[in-house]
Each structure stands twice: as C-alpha cells, then as structure tokens.
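The structure appears right after this line, and notes come after that.
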Amino acid sequence: MQDHACVRDEAVHRDTRPELRPTSHKSQSPDCKIREHIGAVKSASLEHEQDFELREQMSGYKRMRRQHQKQLIALENRLKAEMDEHRLRLQKELETQANNTYIELERLAKRHTTQMDKELKSVAAEERRIQQQIVAQQKKELTSFLENQKKEYRLCKDKIKEEMSEDPCTPKEEKQERLSRHKETVQRSQAEEEAHLLAQQRLVYDRSCRALKRRTAVRKHELEQEQLREKELNKKRTQKEMEHALMIRQDESTQDMERRQLQMLQKLRIELMRLQHQTELENQEEYNGRRQRELQRKHSLEQRQQPRNLKSVEMQIKKQFQDTCKVQNKQYKALRNHQLEVSPKGDHKTILKGLKEEQTRKLAVLAEQYEQSINEMMASQAMRLDAEQETECQALKQQLKQEMELLDAYQRKTRSQMETQHEREQQKLEQKVSIRRAHLEQKIEEELAALQKERTEKIKHLFERQDREISGFDTESRGLGFGSLGSLDFPKEDNR
C-alpha cells in the first residue's frame with residue numbers, strides 16, 4: 001500500500017510541473033488577433049510606402065541621367081557646329097588668300113607687260129634717234145666729201161690748164177681732148193670714191209642698226225630677267241610664305257579650339273558625374289536614415305506591444321496554474337478517499353490532516369514555481385527582445401556600412417574610368433594635332449621645294465632661250481659680215 005501511494009504521489013508531482021508552451025492560434029484571445037491584424041496592416045502600409053519611395057527615387061535618378069545625357073549631347077552638337085563654322089571660316093580665308101594672290105600676280109603680270117611695252121617703245125625711240133643721228137652724220141660727211149672732191153677737181157683742172165698754157169706748141173684740139181680725158185679720169189675716180197664712201201656709210205649704218213637690234217634684245221632679256229626675279233623670287237615666294245603663315249595660324253587656332261572644346265566637354269562630364277555621385281550619396285544617406293527610422297519604429301512598436309504580449313502569456317501561465325491546481329485537487333480527493341478507505345477509521349483524522357498539510361505544501365511550492373517561471377519568462381523575454389533588437393541594429397549598421405562602402409568603391413571606379421577616358425582623349429587629341437602639324441610642315445616644305453624647282457626651271461629655260469636668241473643673232477650677224485657687235489659705241493644725245 002505504501003509503495004502504491006508513493007507511485008501515485010510521484011505521478012501527481014510529475015503532472016503538476018509548470019510547462020511554458022506557446023499557444024496555438026485557436027487558444028489566442030480575440031485581443032491578440034486584433035493586435036496581430038493591426039500589426040500586419042501597419043507592416044503592409046509601411047512596405048507600400050517604402051516601395052513608393054524607392055520607385056520615386058529611382059524615377060528621379062533616371063530623369064537625372066536622361067537630363068545629363070541631353071546636356072552632353074547638346075554640348076557635343078554645339079561644339080561640332082562651332083568647329084564646322086570655324087573650318088568653313090578658315091577655308092574662306094584660304095580661298096580669299098588664294099584669290100588675292102592670283103589678283104596680285106595678275107596685276108604684276110599686267111604691270112610687267114606695260115613696263116615691257118614702255119621699255120620697248122623707249123628702246124625703239126632710242127634706235128630711231130641713233131639712226132637719225134647716223135644718217136645726219138653720214139649726210140654731213142658725204143656733203144663734206146663732195147665739196148672736197150669739187151675743190152680737188154677745180155685744183156686739178158687749174159693745174160692742167162697751167163701746164164697746158166706753159167706749152168704753147170700743143171694744138172688747141174689736143175689740149176681740149178687732154179683736158180676732157182683728165183676730167184673724165186677725175187670724175188670717174190671721184191665717183192668711185194663716192195661709191196666707196198656710200199658703201200662704207202651703208203655698211204656702218206647697217207652694222208649700227210644690227211647692233212641696236214642686239215642691244216634691244218639684250219635690254220629685253222635683262223628686263224625679262226628682272227621681271228622673272230621680281231615675280232618668281234620675290235612675289236611668288238612672298239605670297240607663298242604669307243599663305244603658309246596663314247595655314248600655320250589656322251592650325252594653331254584649330255588646336256586652341258580643339259583643346260578648349262575637349263576641356264569644356266570633360267569639365268561638363270566631371271560636373272555631371274559630381275552631381276550624379278552627390279545625388280547617389282544623398283539617396284543612399286536618405287535610404288540609410290529611412291531604414292534606421294523604420295527599424296526604430298519597429299522596435300518602438302515591439303516595446304509598446306511587449307507588455308501586452310507578456311500580460312497575455314502571464315494569463316496563459318496563470319490559466320495553466322489554475323488547471324494544474326484543479327488536477328491536483330482531483331488527485332488529492334482521489335488519494336484522500338483511497339486513504340480513508342484503506343485506513344482504520346481512527347486514523348482518518350490524522351490522515352486527513354497529513355494529506356491537507358501535504359496538499360498545502362505542494363500548492364505553495366507549485367505557486368512559487370509558477371511565480372518564478374513568470375518572473376524568469378518576463379526577464380528572458382525582455383532580454384531576448386533587447387538582444388534581438390541590438391542584433392538587428394548591428395546587422396543594419398553593418399549592412400548600411402557595406403552598402404556605403406560599395407557605393408564609394410563604385411564611385412571611385414567610375415571616376416577612375418572617366419579620368420582614364422579623359423587621358424586617352426587628351427593623348428588622342430595631342431597625337432592628332434602632332435600628326436596634322438607634321439603633315440602641314442611637310443606640305444609647306446614640299447610646296448617650297450616645288451616653288452624653288454619651278455623657279456629654277458623657269459630661270460634656266462629663260463637663260464637658255466635668251467642664249468639661243470643671242471647666239472643665233474650673233475651667228476646671223478657674222479654671216480652677214482658684221483663681226484662682233486657687243487662693243488659698238490653709239491652717239492649720245494646732245495642734251496645728255
């Protein structure tokens with residue numbers, strides 16, 4: 001009997017241990033369901049608000065990117081139009097320079113033609129003057145010659161008459177015949193001398209005219225050489241140097257514009273990237289603040305809901321305690337009835353007293369255990385909530401820190417990529433400028449070399465033609481019997 005009582009007593013103690021188990025939805029009170037529904041509605045509203053803010057942020061970011069792209073395209077189009085206008089203006093400058101060069105050379109050619117005509121007219125007038133002087137001088141010489149012949153004829157005639165007068169024996173007819181023969185001899189001799197003089201004068205005149213033609217040709221050649229030197233050596237080279245100087249100035253102005261345009265484009269890119277990074281950083285900071293505020297609201301809500309949740313759990317524990325007490329009372333009654341049945345009637349009072357004391361002690365222990373369980377549950381729930389909230393705060397801080405580091409790394413990478421791109425663009429521009437300048441310098445050298453070659457060829461051809469003309473003229477003069485005409489002197493004008 002005692003062994004059986006001990007077994008049941010242990011069963012009672014085992015059944016009366018408190019158990020803290022989470023209750024199912026069926027055992028929750030209506031107040032808990034209402035609180036959970038309100039929390040779910042608040043969470044859904046919060047998530048909807050977060051999604052709306054993210055969508056607005058992303059939409060604003062896309063609008064900013066599109067606006068930046070439009071700004072870059074607008075600047076590129078404006079710079080391209082400016083460069084096209086600049087190149088058109090340079091082309092017009094070159095065309096104007098070429099037209100001015102053509103006009104200047106045409107004006108120089110006309111001046112040379114006028115100068116040549118004037119010089120040839122002057123030389124022709126000089127030739128006519130010299131020819132007239134030669135004719136006048138020869139006429140004077142002929143007149144003097146004829147007068148001298150007449151004097152000689154009269155002297156000879158008078159001498160013969162004297163000789164004939166000294167010889168009175170000579171018949172008159174013989175004297176007349178002798179005088180007639182002498183007259184014919186003298187006249188014939190004078191005619192021959194006159195013809196010889198006229199032939200010499202004609203030869204001198206023809207030789208002088210020939211020499212004048214040679215001198216005219218030489219003067220024309222000298223003038224052609226002077227005009228060629230002025231045109232080829234001075235004017236064309238000067239015009240070409242002016243054209244080259246203009247091309248160099250245009251190339252330098254193009255370089256300045258290209259560098260300035262690249263600097264403007266890169267400066268705008270840098271500014272737009274700065275604005276983009278600033279916006280990204282502000283959005284990230286706003287996002288971080290929103291996440292922290294959301295976590296704070298969540299924790300505040302959990303803190304406000306914790307007393308109600310703990311009260312609900314406490315009520316459940318008390319209900320479990322009451323149920324356990326009822327079970328224990330039933331067990332006590334069953335044990336009491338069993339003890340009274342198996343015990344003598346005289347011991348009933350003692351047995352009832354012992355059972356009552358034991359029941360009181362067990363209920364006190366059970367109450368103390370349940371009270372301790374409630375206190376431990378409340379303390380653990382508070383510590384668990386604080387620990388969970390602290391863990392969530394640390395996790396959020398770490399997550400936001402990593403996201404900020406990722407954003408910073410991304411921005412550094414994009415800045416580095418842009419700097420690399422700008423360096424490549426700068427190097428490409430400098431290479432383009434260097435190659436274009438080298439081509440320009442090569443073109444200038446080639447044009448100067450071509451100009452020098454053309455000038456040399458023209459001078460060579462001019463000298464060869466002039467040499468052929470003078471050589472042919474001299475050969476023809478020697479064939480005509482005039483000999484060398486280069487050192488022939490001509491009479492000067494009286495007024496010189």
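- For the atom pair OG1 (Thr414) and CD (Glu419), the distance works out to 9.5 Å, reported to the nearest 0.5 Å.
- Residues Arg437 and Ile248 are in side-chain contact: their nearest non-hydrogen atoms beyond the backbone lie under 4.5 Å apart.
- Using a 4.0 Å cut-off between charged nitrogen and carboxylate oxygen, Arg274 and Glu271 count as a salt-bridge pair.
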For this session: Show the numbers, then the answer: is there a side chain to side chain contact (heavy atoms under 4.5 Å, CB included) between Glu454 and Leu451?
Result: CA-CA 5 Å; Glu454 179 185 1; Leu451 182 63; 4.3 Å; yes
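- Enclosure of atom CD in Glu82 by more than 12 non-hydrogen atoms of other residues, nucleotides or ligands within 6.0 angstrom is indicated.
- If you check the side chains of Glu447 and His244, you find a donor sitting under 3.5 Å from an acceptor.
- Checked by atom type, the side-chain pair Gln276/Glu280 shows a donor-acceptor distance below 3.5 Å.
- Counting only heavy atoms from C-beta outward, the side chains of Gln250 and Leu94 approach each other to under 4.5 Å.
- Asn77 places a side-chain N or O within donor-acceptor distance of the main-chain N or O of Ile73, the cut-off being under 3.5 Å.
- No side-chain heavy atom of Leu407 sits under 4.5 Å from any side-chain heavy atom of Glu403.
- Sparse packing is recorded around OH of Tyr102, with 12 or fewer heavy atoms of other residues, nucleotides or ligands lying under 6.0 Å away.
- A salt bridge is absent between Glu241 and Lys236; no separation between the charged side-chain nitrogens and carboxylate oxygens falls under 4.0 Å.
- In terms of heavy-atom proximity, Leu75 sits nearest to Met264 at CD2-O, 3.9 Å.
- Between atom CD of residue Gln239 and atom CG of residue Asn100 there is a gap of 8.0 Å, rounded to the nearest 0.5 Å.
- No salt bridge links Glu76 with Lys80; every basic N to acidic carboxylate O contact stays at or beyond 4.0 Å.
- Residues Gln421 and Glu425 bring a donor and an acceptor atom of their side chains to less than 3.5 Å of each other.
- The structure places CD1 of Ile444 at 7.0 Å from CD of Glu441, a figure rounded to the nearest 0.5 Å.
- Defined by atom type and a distance below 3.5 Å, a donor-acceptor pair is missing between the side-chain atoms of Gln292 and Gln296.
- Taking CD1 from Ile435 and CD from Glu430, the interatomic distance works out to 11.5 Å, rounded to the nearest 0.5 Å.
- Side-chain N/O atoms of Glu224 and His112 include no donor and acceptor closer than 3.5 Å.
- Taking the side chain as every heavy atom from C-beta outward, Glu294 and Arg291 approach each other to under 4.5 Å.
- Checking Arg63 against Ser59 by side-chain atom types alone, a donor-acceptor pair falls below 3.5 Å.
- Residue-environment remark: CD (Gln398) exceeds the threshold of 12 foreign heavy atoms within 6.0 Å.
- The only option from Gln225, Glu222, Lys220 that meets the side-chain hydrogen bond (donor to acceptor under 3.5 Å, both in side chains) definition with Gln466 turns out to be Gln225.
- Counting only N and O atoms by type, the side chains of Arg269 and His422 include a donor and acceptor under 3.5 Å apart.
- Within a 6.0 Å radius of CD in Gln431, no more than 12 heavy atoms belonging to other residues, nucleotides or ligands are found.
- In this view, Arg415 satisfies the salt bridge (charged side-chain N to carboxylate O under 4.0 Å, His left out) rule with no residue, not counting sequence neighbours.
- Counting heavy atoms from C-beta outward, Arg214 and Asp474 have side chains that approach closer than 4.5 Å.
- At least one side-chain heavy atom of Arg436 sits less than 4.5 Å from a side-chain heavy atom of Gln255.
- Closest approach of Gln426 and Leu262 over heavy atoms only: OE1-CD2, 3.5 Å.
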Exercise. After noting the C-alpha distance and the side-chain angles of Asn288 and Leu396, does the key distance pass the side chain to side chain contact (heavy atoms under 4.5 Å, CB included) rule?
Worked result: CA-CA 9 Å; Asn288 293 349; Leu396 180 60; over 6 Å; no
For this session: For the pair Glu226 and Arg229, evaluate salt bridge (Lys or Arg N to Asp or Glu O under 4.0 Å) and give the outcome as yes or no after the intermediate values.
Result: CA-CA 5 Å; Glu226 292 176 1; Arg229 280 192 294 270; 5.1 Å; no
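- Taking the side chain as every heavy atom from C-beta outward, Lys432 and Glu258 approach each other to under 4.5 Å.
- With sequence neighbours excluded, no residue forms a side-chain hydrogen bond (donor to acceptor under 3.5 Å, both in side chains) with Gln115.
- Side-chain atoms of Gln227 and Arg111, non-hydrogen and from C-beta on, never get closer than 4.5 Å to each other.
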Exercise. Does the pair Leu406 and Tyr410 meet the rule for a side chain to side chain contact (heavy atoms under 4.5 Å, CB included), with working shown?
Worked result: CA-CA 6 Å; Leu406 289 174; Tyr410 168 74; over 6 Å; no
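- The local environment of NZ in Lys458 is crowded, with over 12 non-hydrogen atoms from other residues, nucleotides or ligands closer than 6.0 Å.
- Among all heavy-atom pairs drawn from Leu448 and Lys240, the shortest one is CD2-CG, 4.2 Å.
- Taking both residues in full, the closest heavy atoms of Arg465 and Leu462 are given as NH2-CD1, 3.0 Å, listed atom of the first, atom of the second, then distance.
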For this session: Could you please spell out the steps behind the side chain to side chain contact (heavy atoms under 4.5 Å, CB included) verdict for Glu388 and Glu302?
Result: CA-CA 11 Å; Glu388 288 178 354; Glu302 289 176 349; 5.8 Å; no
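- Summarising the geometry, atom CD belonging to Gln67 is positioned 11.0 Å from atom CD belonging to Gln69; distances are rounded to the nearest 0.5 Å.
- In the displayed structure, Glu85 atom CD is contacted under 6.0 Å by at most 12 heavy atoms of other residues, nucleotides or ligands.
- A side-chain donor from one of Glu282 and Gln278 sits under 3.5 Å from a side-chain acceptor of the other.
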For this session: Mind running salt bridge (Lys or Arg N to Asp or Glu O under 4.0 Å) on Glu252 and Arg249 for me, showing each step along the way?
Result: CA-CA 5 Å; Glu252 291 174 351; Arg249 289 197 302 272; over 6 Å; no
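- Salt-bridge formation is detected for the pair Asp323/Lys319: a Lys NZ or Arg NE/NH1/NH2 atom is positioned less than 4.0 Å from an Asp or Glu carboxylate oxygen.
- Remark: Met83 CE to Thr254 OG1 distance equals 6.5 Å, nearest 0.5 Å.
- Of the possible polar contacts, none joining the Ser122 side chain to the Lys118 backbone as a donor-acceptor pair under 3.5 Å is found.
- Listed for the Thr279 side chain is a donor-acceptor partner under 3.5 Å among the backbone atoms of Leu275.
- With sequence neighbours excluded, no residue forms a side-chain hydrogen bond (donor to acceptor under 3.5 Å, both in side chains) with Arg78.
- Between Leu90 and Ser253 the shortest heavy-atom distance is CD2-OG, 4.2 Å.
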